[in-house]
Protein chains: 2
Amino acid sequence: MISFEHFQPQDGTPIYQQIILHIKRGIVSGSVMAGDALPSRRVLSTLLGVNPNTIQKAYHLLEEEHLIASHAGAKSYIVIDNETVARIRRQLMETELRGTVRALKQMGLSKEEATTIISSLWEEAPSSQT
Amino acid sequence: MISFEHFQPQDGTPIYQQIILHIKRGIVSGSVMAGDALPSRRVLSTLLGVNPNTIQKAYHLLEEEHLIASHAGAKSYIVIDNETVARIRRQLMETELRGTVRALKQMGLSKEEATTIISSLWEEAPSSQT
DNA sequence: TTAACTGTATTATATCACTAATACGGTTTG
DNA sequence: CAAACCGTATTAGTGATATAATACAGTTAA
């Protein structure tokens, strides 16, 4: 069962997008694998304190992207191969870092300053894998 | 006059927030200084192709944060001191990097992988100051 | 088998970001 | 002074996000 233990929603970005990101990052890190079952819509909505429709929207979009498979009545499962994992990895790196690098350069930082700051932030941030 | 030449809005985040960020990043980099005039609401809305009210919202929020001063009939101007610049700098670093570092760790990257990727992205991205 | 769970669908409501169309009064400049 | 700017305010409408309350049919397990 895919875990949402360390999922903490932050306002500003839609919750259904954050759920999608959470699962995709799990796929990239290897903690989410093919065959894994997802929490049911109702269970996860209760766990996160949001509406079931919000979960359904996230799962529906994941299914449209062919990352999960749903069959009416049964649970939904992760369906991915190695090629898909690589694609998701590239996709997340792109969206996550492109804007950050642009922002740092726009603030006048040098490449060295940027990597130094990120290194120092790496130490203090909470993590499942140091 | 503060330049919006290199400003290219990306959908997903509200335009008024992007305008605020653009100005704050300019302040941090030193390209936006105390006394600089801002484009009028109408001019900037035409330039960016958005509604004047959107610009007004951005400027109004900047004024509430005491970064600009507006007087009915005249242009709006940047009003900041060194202490304010330092505060904005800390604020932007915080919001920009904290989430990125969290995301990269959640994807299972090591500190070395992260800094390496950022270094390589630094080269290809467009910039006003290489 | 049947009860409990599952995915799926529908309709209604509220809020926010953004657009649109005006209007009013103060400032600047020729 | 007067025209051309400027900031400010109001009202109305649209689309996206999220909530709320149901309803129906398929799957699973005691």
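Letters go in sequence order (proteins before strands), and every chain restarts at 1.
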Please give, in whole Å, the distance from [N] [atom2] to [X] [atom1]?
X       : N      : atom1 : atom2 : answer
B:Asn51 : C:dC16 : CG    : P     : 19 Å
B:Leu48 : C:dT19 : CG    : C1'   : 15 Å
B:Arg41 : C:dC18 : CZ    : P     : 17 Å
B:Tyr59 : D:dC6  : OH    : P     : 10 Å
A:Leu44 : D:dT19 : CG    : P     : 12 Å
B:Gln56 : D:dA9  : CD    : P     : 7 Å
B:His60 : D:dT8  : NE2   : P     : 8 Å
A:Lys57 : D:dT19 : NZ    : P     : 11 Å

Linking I/L/V/M/F/W/Y whenever their side-chain heavy atoms sit closer than 4.5 Å, directly or via other members, would [X] and [Y] fall into one cluster?
X       : Y       : result
B:Val43 : B:Leu48 : no
B:Phe7  : B:Leu44 : yes
B:Phe4  : B:Tyr77 : no

Using a cut-off of under 3.5 Å, enumerate the N/O to N/O pairs linking the protein to nucleotides 13-15 of chain D.
none

Examine C:dG7: is either OP1 or OP2 under 4.0 Å from a nitrogen or oxygen in the side chain of A:Ser76? Give yes or no.
->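 Checking C:dG7 against A:Ser76, a side-chain N or O does come within under 4.0 Å of OP1 or OP2.
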A:Ser70 side chain N/O closer than 4.0 Å to the phosphate oxygens (OP1, OP2) of C:dG7?
->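 Looking at the OP1 and OP2 atoms of C:dG7, neither is under 4.0 Å from any side-chain N or O of A:Ser70.
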Spacing of [atom1] belonging to [X] relative to [atom2] belonging to [Y], to within rounding of 0.5 Å:
X       : Y       : atom1 : atom2 : value
A:Ser70 : A:Tyr59 : OG    : OH    : 9.0 Å
A:Ile20 : A:Leu61 : CD1   : CG    : 4.5 Å
A:Leu92 : A:Arg87 : CG    : CZ    : 10.0 Å
A:Met33 : A:Ile2  : CE    : CD1   : 9.5 Å
A:Ile80 : A:His66 : CD1   : NE2   : 14.0 Å

N/O donor-acceptor pair under 3.5 Å between [X] side chain and [Y] backbone:
X        : Y        : answer
A:Gln18  : A:Gln10  : yes
A:Glu113 : A:Ser110 : yes
A:Glu96  : B:Leu104 : no

Count the heavy atoms belonging to other residues, nucleotides or ligands that lie under 6.0 Å from [atom1] of [X], then report whether that count exceeds 12.
X       : atom1 : answer
B:Glu64 : CD    : yes
B:Asp81 : CG    : yes
A:Lys75 : NZ    : no

Within the sub-3.5 Å range, which N or O atoms of nucleotides 28-30 of chain C have a protein N or O partner, and how far apart are they?
none

For DNA chain C, determine which residues of residues 31-39 of chain A have any heavy atom closer than 4.0 angstrom to one of its atoms, and list them numerically.
->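 Nothing qualifies; none.
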Give, ordered by number, those residues of residues 10-26 of chain B having at least one heavy-atom distance below 4.0 Å to an atom of DNA chain C; if nothing qualifies, reply none.
->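 Close to the strand are B:Pro14, B:Ile15, B:Tyr16.
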B:Ser29: what forms a side chain to side chain donor-acceptor pair (under 3.5 Å) with it, not counting sequence neighbours?
->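 Side chain to side chain donor-acceptor pair (under 3.5 Å) check on B:Ser29 returns B:Ser31.
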Of B:Glu63 and A:Gly49, whose nearest nucleotide on DNA chain D comes first from the 5' end?
->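 This one resolves to B:Glu63.
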When the nearest nucleotide of DNA chain D is assigned to A:Ala72 and to A:Thr54 on a heavy-atom basis, which residue is associated with the more 5' position?
->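 On the 5' side of the pair lies A:Thr54.
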Decide yes or no for A:Leu38 and A:Ile78: does some side-chain heavy atom of the first lie under 4.5 Å from some side-chain heavy atom of the second?
->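 Contact flag for A:Leu38/A:Ile78 side chains = yes.
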Please walk me through it: do B:Thr13 and B:Leu21 pass side-chain contact (heavy atoms from CB on, under 4.5 Å)?
-> CA-CA 11 Å; B:Thr13 50; B:Leu21 261 184; over 6 Å; no
Polar pairs (N or O, both sides) under 3.5 Å between protein and nucleotides 22-24 of chain D?
unit_1: D:dA23; atom_1: N6; unit_2: A:Arg42; atom_2: NH2; d: 3.4

With sugar-phosphate meaning primed atoms plus P, OP1 and OP2, does A:His71 contact a base, only sugar-phosphate, or nothing at under 4.0 Å between heavy atoms?
->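 Sugar-phosphate only.
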